[in-house]
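Labels below follow one simple rule: chain letters A, B, ... track the order of the sequence lines, proteins then strands, and each chain is numbered from 1. These figures come from a predicted structure and were not determined experimentally.
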Protein chains: 2
Amino acid sequence: MAEAQPAIGADAVVTLRRIALDGGLAGETKLSCSGLAGDLDVSTQTASRRLQHLEEAGLIERETVGDGQWVSITDAGERTLRREYESYRRVFEEPEVLELRGAVTSGMGEGRHYISLSGYMAQFRDRLGYEPFPGTLNLDLDTESVRTRMGLSGFEPIPIDGWEDEERTYGPAVCYPASVTTTDGDAYDETHVIAPERTHHDEDQLELIAPVKLRDELKLADGNVLMVSVEESG
Amino acid sequence: MAEAQPAIGADAVVTLRRIALDGGLAGETKLSCSGLAGDLDVSTQTASRRLQHLEEAGLIERETVGDGQWVSITDAGERTLRREYESYRRVFEEPEVLELRGAVTSGMGEGRHYISLSGYMAQFRDRLGYEPFPGTLNLDLDTESVRTRMGLSGFEPIPIDGWEDEERTYGPAVCYPASVTTTDGDAYDETHVIAPERTHHDEDQLELIAPVKLRDELKLADGNVLMVSVEESG
DNA sequence: ATTACTAGTTTACGAGTAA
DNA sequence: TTTACTCGTAAACTAGTAA
């Protein structure tokens, strides 16, 4: 689940990248199997087969002509390449946005109680700009995201102060602006990650609040995978 | 020749990237074959074998312990990943440096004559800051670099004016600061790409000038591959 | 729980060739 | 010259098992 839906082999992606480097992203580019084969260091037969497979997978479109073929990369192909690129970016670059991935889970329903407390709700209205739906959407982060999440410590949080009433004290919390996207491409942008101020930041659970009930808004069921893009606030 | 020396398969690189995402670049990271297998969507046996191959190729170091193994990525492994990353950067990002690759060729020796003409030489001294060795180092660019080279049109060149004497006119030229690196890792930084001002910019030949004879300085022979990093001047 | 070996199967490959 | 087929081989995979 951590690796995005490949459905195609690594060799196919390498071939696709090669086409992109030859100009297949900008539009059609003229290729020959032998030239491609030379670049990829494989036989012309393999180059031919690779192109066929990419076409069958809907990652390229092409038109063969007498002395070669015109190849262009489809939107799906570009998305495939961009996923690869983002993956390497995560390896080498310090991100200004953190991309987390997790599966919707029922959580323990305790979020609803705390969110709706007036001591918190007033701060949400002031500092987040909306009154959140009285409940949190909980995600089970995958192992990579648990690690990525640690990068949150480098972000400037929106503080939510703790307070106390006659019976007990309520601890401070932090929020980070975020947007979420489903695997179907549906998105909701005005959400916040919320977490206790003092957390080990090694959690595999992520809690989200939003002005609407995300579970209904995005038609989510337990187990649905959600991408969460956490931005630097400010 | 266009694709860098892989020597390892695309699947191996994907596995290496997965280890990097799990923290194998920063230092040792704790892995298990089953966890890795889940991330890569392959069997645990394949994960085990992939790790063996990466170790044999010198791209990772590891120590197996009772409940898994500690894996770290070697310098060679990091270089491999960075090459992949740069490759995707070339696909998606507008580069501020152009990376060209070509093989040393004898050229036609006409460079020597023009370079040493006083009308040009004075401008080199003023605008490049040195008196170039009276000759050019000529490279045969590979097909990818021929395309990349077109990006030079987006760069601000150092202009070299044309002039005329009693016999004929000498055309204007443009220079771009560059540094060169051999496949052995030897480098020379104070060089310039030089080209006629009016060029089709679709050339497969690249001419370099430098204060020294690069062919001797870098112990170059015809056919040796040279990386040329062309920077935005200014 | 691990890692990794052996065995059997599937997949990918290059050579040769046709269109 | 191209692209892409068939065919025999080589490589990579999964399943089962041992340590």
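Taking only side-chain atoms of A/Thr64, from C-beta outward, the nucleotide of D/dA12, D/dT14, D/dA4 with the closest atom is D/dA4. For B/Thr46, counting side-chain heavy atoms from C-beta on, the closest listed nucleotide (C/dT3, D/dA4, D/dC13) is D/dC13. With D/dA15, C/dG16, D/dT2 as the choices, the nucleotide that has an atom nearest any side-chain atom of B/Gln45 turns out to be D/dA15. Distance from the side chain of A/Ser32 is smallest for D/dT3 among the nucleotides D/dT3, D/dA12, C/dC13.
Judged by distance alone, the side chains of B/Arg90 and B/Thr148 never bring a donor and an acceptor atom under 3.5 Å apart. Using modelled atom types and a 3.5 Å distance limit, the side chains of A/Thr182 and A/Asp184 yield no donor-acceptor pair.
Taking only side-chain nitrogens and oxygens, B/Arg62 never comes nearer than 4.0 Å to OP1 or OP2 of C/dT3.
The CD1-C1' distance, from B/Ile8 to D/dA12, rounds to 15 Å in whole Å. We find that NE2 of A/His53 is positioned 11 Å from C1' of D/dA4, with the value rounded to whole Å. In this structure, A/Asp11 atom CG and D/dA11 atom P are separated by 15 Å, rounded to whole Å. D/dA12 atom P lies 12 Å from atom CG of B/Leu54, rounded to whole Å. Taking atom CG of B/Leu31 as the reference point, atom P of C/dA1 lies 18 Å away to the nearest angstrom. One atom, CG of B/Leu36, and another, C1' of C/dA4, lie 14 Å apart when rounded to the nearest Å. Separating the CD atom of A/Gln52 from the P atom of C/dA12 is a distance of 13 Å, rounded to the nearest angstrom. Rounded to a whole Å, the CG atom of A/Leu40 is 14 Å from the C1' atom of C/dC13.
Residue-level contact check: B/Thr44 touches neither bases nor backbone, having no heavy atom under 4.0 Å from any strand. Using a 4.0 Å heavy-atom criterion, one finds that B/Ser48 contacts the bases of the nucleic acid, with or without backbone contacts as well. Looking at heavy-atom distances under 4.0 Å, A/Ser43 makes contact with a base. Across all strands, A/Val42 comes closer than 4.0 Å only to sugar-phosphate atoms, never to a base (heavy-atom distances).
Base pairing of C/dA4: its partner is D/dT17, meeting the Watson-Crick or G-U wobble criterion (both donor-acceptor distances under 3.5 Å).
One finds a salt bridge joining A/Arg101 and A/Glu144 here, because a Lys/Arg side-chain nitrogen approaches an Asp/Glu carboxylate oxygen to under 4.0 Å.
Checked options A/Thr46, A/Val71, A/Leu51; the residue passing with A/Leu36 is A/Leu51 (criterion: side-chain contact (heavy atoms from CB on, under 4.5 Å)).
With DNA chain D read from its 5' end, the first of the two nearest nucleotides for A/Gly35 and B/Arg49 is the one closest to A/Gly35.
Between the side chain of A/Thr29 and the main chain of A/Asp22, a donor-acceptor pair closer than 3.5 Å is present.
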